[in-house]
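Before any comments, here is the structure.
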Amino acid sequence: MKKLLSAAVLGLSLISMNAMAHGTAKPQHGGIVQSASDLSFELVQQSNGAAIYVIDHDDPADVSKMGGKLTVLNGAEKSEADIKPAGGNKLETTGVKVAKGSKVVATITGVEGQTVTVRFSVK
């Protein structure tokens with residue numbers, strides 16, 4: 001009976017480890033990571049805007065055909081800016097202020113022919 005129980009526990013732990021392997025990626029640029037459409041998006045604050053790094057299963061994604069809009073809510077203040085490719089797996093926007101307490105919504109087009117919405121809460 002103990003062998004059967006041990007085998008069951010081992011089997012379940014292996015399944016759970018495998019399931020976690022495709023979870024949200026860890027921040028690589030000091031930002032906030034969210035997942036959508038099997039990709040990870042890392043929002044990084046910049047002095048005059050923000051950058052979003054796109055990761056596809058631990059590899060940099062090709063963002064050359066992606067774009068969209070970034071909406072930032074700071075309390076009652078709302079600002080929007082276009083998101084554009086900035087080389088590598090980086091999308092960038094200027095003219096918005098991402099600060100502590102901001103709610104950020106990125107609407108990104110060109111993700112495998114679809115539009116993806118990613119939401120971030122800056123702490």
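Since the structure is predicted, the reported quantities are computational estimates derived from the model, not experimental observations. The basis for the numbers below is simple: all heavy atoms, side chains too, and nothing from hydrogens, waters or symmetry mates.
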(message) Taking NZ in Lys69 as the centre, count heavy atoms belonging to other residues, nucleotides or ligands within less than 6.0 Å. Is the count above 12?
(response) yes

(request) State whether the side chain of Glu42 and the backbone N or O of Gly31 hold a donor-acceptor pair below 3.5 Å, judged by distance alone. (result) yes

(message) Tell me whether Gln34 contacts the main-chain N or O of Ser40 through its side chain, where contact means a donor paired with an acceptor under 3.5 Å.
(response) no

(request) Any ring-ring contact (aromatic ring centres under 6.0 Å, His included) involving residues 27-51? Give me the pairs, sequence neighbours left out, ordered by first then second residue. (result) His29-Tyr53

Show me the side-chain donor-acceptor pairs of residues 91-103 shorter than 3.5 Å, one per line, residues at least two apart or across chains.
residue : atom : partner : partner atom : Å
Glu92   : OE2  : Gln46   : NE2          : 3.4
Glu92   : OE2  : Lys90   : NZ           : 3.3
Thr93   : OG1  : Asp82   : O            : 2.8
Ser102  : OG   : Asn74   : OD1          : 2.2
Ser102  : OG   : Ala99   : N            : 2.9
Ser102  : OG   : Ala99   : O            : 2.8
Lys103  : NZ   : Ser121  : OG           : 3.3

(request) Check whether Val116 and Val63 end up in the same hydrophobic cluster, where Ile, Leu, Val, Met, Phe, Trp and Tyr are linked by side-chain heavy atoms less than 4.5 Å apart. (result) yes

(message) Is there a continuous path of hydrophobic side-chain contacts, each under 4.5 Å between heavy atoms, that joins Val118 to Leu39?
(response) yes

[Y] and [X], any side-chain heavy atoms less than 4.5 Å apart:
X      : Y      : result
Val104 : Val122 : yes
Val111 : Met66  : yes
Ile52  : Leu70  : yes

(request) Can you measure from NZ (Lys78) to CG (Leu73) and round to the nearest 0.5 angstrom? (result) 7.0 Å

(message) Just verifying a value: how many Å separate Phe120 CZ and Ile32 CD1, rounded to the nearest 0.5 Å?
(response) 7.5 Å

Using every non-hydrogen atom in the two residues, find where [X] and [Y] come nearest and quote the distance to one decimal.
X      : Y      : answer
Asn89  : Ala61  : CB-O, 3.2 Å
Ile83  : Thr107 : CD1-O, 4.4 Å
Gln114 : Ser37  : OE1-OG, 4.5 Å

(request) Using the side chain to side chain contact (heavy atoms under 4.5 Å, CB included) rule, take Val72 and Glu80 through it: C-alpha gap first, then chi angles, then the decisive distance, then the call. (result) CA-CA 6 Å; Val72 180; Glu80 293 184 333; over 6 Å; no

(request) Give me the other members of the hydrophobic cluster that Val105 sits in, counting Ile, Leu, Val, Met, Phe, Trp and Tyr linked by side-chain heavy atoms under 4.5 Å, directly or via other members. (result) none

